[in-house]
Each structure stands twice: as structure tokens, then as C-alpha cells.
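As the structure is a prediction and not an experimental result, all values here were calculated from the model. First listed ligand is number 1; within each ligand, the first listed atom is number 1.
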Amino acid sequence: MWRASIFTLFPEMFPGPLGLSLAGDALKRNVWRLEAIDIRAHGLGRHRSVDDTPAGGGAGMVMRADVLAASLDAALEPDDPRPRLLMSPRGKPLTQARAREFAEAPGVAIVCGRFEGVDERVIAARRLEEVSIGDYVLSGGELAALVLLDAAVRLLPGVMGKEESGAEESFENGLLEYPHYTKPRVFEGHQIPDVLLSGDHAKIAAWREAEARALTAARRPDLLKPKARKS
Ligand code: SAH
């Protein structure tokens with residue numbers, strides 16, 4: 001079973017929206033498992049403190065390396081094969097290809113940051129891979145972790161129906177998806193494009209491909225550029 005272990009100061013945030021719909025049904029059917037681990041259980045002193053002021057001064061608080069390491073070490077076997085991730089705006093941006101890799105792994109372990117972030121030493125010592133969900137700053141890693149989990153879980157075998165296998169979706173072939181239409185046939189005077197009602201599958205496929213290309217060129221020309229080689 002695909003297993004997600006989430007290290008957080010707010011375990012109540014999980015499964016949250018992933019308890020509903022596709023992911024929630026799959027959770028109930030044991031296609032995947034979610035374990036939210038309260039970092040504060042390893043907090044220090046009477047107040048179970050998990051953070052402290054930044055070395056060198058400055059605003060905000062930083063999550064302590066020792067507390068987070070203790071939480072990780074208590075919950076993860078040393079030979080746990082799952083990627084160990086830290087949600088972070090400094091990380092490599094999450095992509096559909098990466099989501100697919102996570103879905104193909106045995107699961108994921110995810111640390112959710114809070115405050116200004118986590119002490120750099122625990123990132124290195126526990127070899128956490130930083131993953132970002134976009135160039136903006138959230139107040140904590142929990143929503144970012146939910147985004148990553150949603151993107152991965154829907155790709156697990158048996159979560160989406162065969163018909164929605166995801167193979168044609170945005171990004172899967174380097175393009176944004178073509179436009180969709182359904183009933184009614186006329187909406188506020190606007191018709192469904194004729195070709196989609198023609199029953200000619202080859203013509204429909206060609207139309208969709210052309211639409212996807214045009215849409216991608218207009219909105220995300222960066223996706224059409226040849227990718228820089230991975231080092
Ligand atoms: N001071 C940090 C931001 C801290 S935001 C900086 O400037 O880089 C607090 C936490 O929210 C982070 O530790 C991280 O876990 C999470 N977070 C914020 N933005 C994120 C993003 N774009 N992607 C993933 N996680 C994010």
C-alpha cells in the first residue's frame with residue numbers, strides 16, 4: 001500500500017480535503033494510507049517547544065533541528081525507501097513528472113515547515129529534498145503537502161477510472177489540455193465546435209492536438225521550449 005507520513009505541527013489538517021472525493025474513496029479502500037505525525041510530541045520542556053529565535057537575529061522563529069530530527073527518527077526506519085521531502089519555497093518546483101515519480105514510489109515522507117522554516121542542519125543531516133509548489137509564500141507546508149499528495153494519489157492505480165487515466169491531461173505530453181464541451185449543445189448562443197459532433201475520431205484527435213498546441217503557445221510558451229538538459 002502507498003504510504004504517506006506527514007510531519008506537522010497541525011496533524012488535524014490531514015487528511016482534510018483528501019478525505020473526500022477520489023482521494024478519500026481511495027483512502028477508505030486502502031489504496032493508500034496517511035499518517036500525520038505531530039512534531040510537537042518531541043517538543044522540549046513543559047511547553048513542548050519546537051522553535052526558537054534565528055541565529056544571527058532577524059524576524060520570526062525557526063523550527064529546531066533536534067526536535068524535527070527526533071520526530072523523523074522515531075517514525076521512519078533508517079532503510080525506509082520512500083523519498084523524504086520538505087515542503088519549501090526554495091525547493092525544486094513540483095511538476096506532473098515529479099508527481100508521477102512520487103506515485104510510482106512506495107509512498108512519501110513529507111515535512112511541513114512553519115514559521116520562517118527549519119534549521120538548515122536537519123535538512124542536510126536527514127537528507128530532506130526540498131519541494132516547492134510555486135513561487136509564492138504560504139504560512140506553512142501543510143497545504144503544499146496536500147497539493148503534492150493530491151497530485152500523486154490520483155495517479156495511483158485504481159484511484160481514477162480507466163477512462164480518466166490522465167494520459168491526455170495537461171502537462172502529460174508537454175502541452176496544456178484541449179478545451180472540453182458537454183451538453184447543452186447551444187449555451188447562450190454558443191455552439192459546440194462542429195468537429196466534436198462529427199463522429200470522425202481521427203479528425204477529432206487532430207483538432208484536439210491543434211487546440212492544445214495553440215493554447216500552449218498562447219499561454220505557456222515556456223512549455224514548448226526545448227528543456228535544458230538535466231545535470
Ligand atoms: N522564510 C521562508 C518561508 C517560510 S513559509 C522563505 O522565505 O523561504 C513557512 C513554511 O511554509 C515553509 O517552511 C514551507 O514548509 C511552507 N511553504 C511556504 N511556501 C511554500 C511553497 N511555495 N511551496 C512549498 N512549501 C511552502
- prompt: What do we get for Asp135 next to ligand 1 when only non-hydrogen atoms under 4.0 Å count, side chain, backbone, both or neither?
  reply: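 No part of Asp135 is near ligand 1 at this cut-off.
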Geometric N/O contact [X] with ligand 1, under 3.5 angstrom:
X      : result
Arg90  : no
Gly113 : yes
Gly117 : no

query: Can Lys92 and Glu129 be said to form a salt bridge (charged side-chain N to carboxylate O under 4.0 Å, His left out), step by step?
result: CA-CA 9 Å; Lys92 256 203 204 156; Glu129 177 193 344; 5.9 Å; no
If the cut-off is 4.0 Å to any non-hydrogen atom of [X], which atoms of ligand 1 fall inside it?
X      : answer
Val137 : 3 (C), 5 (S), 19 (N)
Phe115 : 4 (C), 5 (S), 9 (C)
Val131 : 24 (C)
Ala144 : 24 (C), 25 (N)

Starting from [atom], what is the nearest protein heavy atom, named by residue and atom, and what distance separates them?
atom                    : result
atom 5 (S) of ligand 1  : Leu138 O, 3.1 Å
atom 8 (O) of ligand 1  : Pro89 CG, 3.4 Å
atom 2 (C) of ligand 1  : Glu116 O, 3.3 Å
atom 15 (O) of ligand 1 : Met87 O, 2.6 Å
atom 23 (N) of ligand 1 : Ile133 N, 3.1 Å

- request: Inspect the surroundings of CD in Glu12 and state if more than 12 heavy atoms from other residues, nucleotides or ligands are less than 6.0 Å away.
  value: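 Enclosed.
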message: Counting neighbours of NZ on Lys28 that are heavy atoms of other residues, nucleotides or ligands and sit closer than 6.0 Å, is the number greater than 12?
response: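 Yes - once you tally the heavy atoms of other residues, nucleotides and ligands closer than 6.0 Å, there are more than 12.
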- prompt: Are Arg82 and Ser5 close enough that a side-chain donor and a side-chain acceptor fall under 3.5 Å?
  reply: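 Their side chains do contain a donor-acceptor pair, which is all the 3.5 Å distance test asks for.
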query: Side chains of Ser170 and Glu177: is there a donor and an acceptor less than 3.5 Å apart?
result: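 There is no such pair between these side chains.
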Stepwise side chain to side chain contact (heavy atoms under 4.5 Å, CB included) check, Leu9 with Cys112: CA-CA 8 Å; Leu9 293 173; Cys112 301; over 6 Å; no
Heavy-atom nearest neighbour of atom 25 (N) of ligand 1 within options Ser88, Ser139, Ala145, Ser132: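 Result: the heavy atom closest to atom 25 (N) of ligand 1 is in Ser88.
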field: side-chain hydrogen bond (donor to acceptor under 3.5 Å, both in side chains) against Arg84, all qualifying residues, sequence neighbours excluded
entry: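 By the side-chain hydrogen bond (donor to acceptor under 3.5 Å, both in side chains) rule, Arg84 matches no residue at all.
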task: State whether Arg40 and Asp38 are salt-bridged, where the test is any N-O pair (Lys NZ or Arg NE/NH1/NH2 against Asp/Glu carboxylate O) under 4.0 Å.
output: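 Judged by the 4.0 Å cut-off on N to carboxylate O distance, Arg40 and Asp38 do not form a salt bridge.
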field: Set of residues satisfying ring pair (Phe, Tyr, Trp, His ring centres under 6.0 Å) with respect to Phe171, sequence neighbours excluded
entry: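 By the ring pair (Phe, Tyr, Trp, His ring centres under 6.0 Å) rule, Phe171 matches no residue at all.
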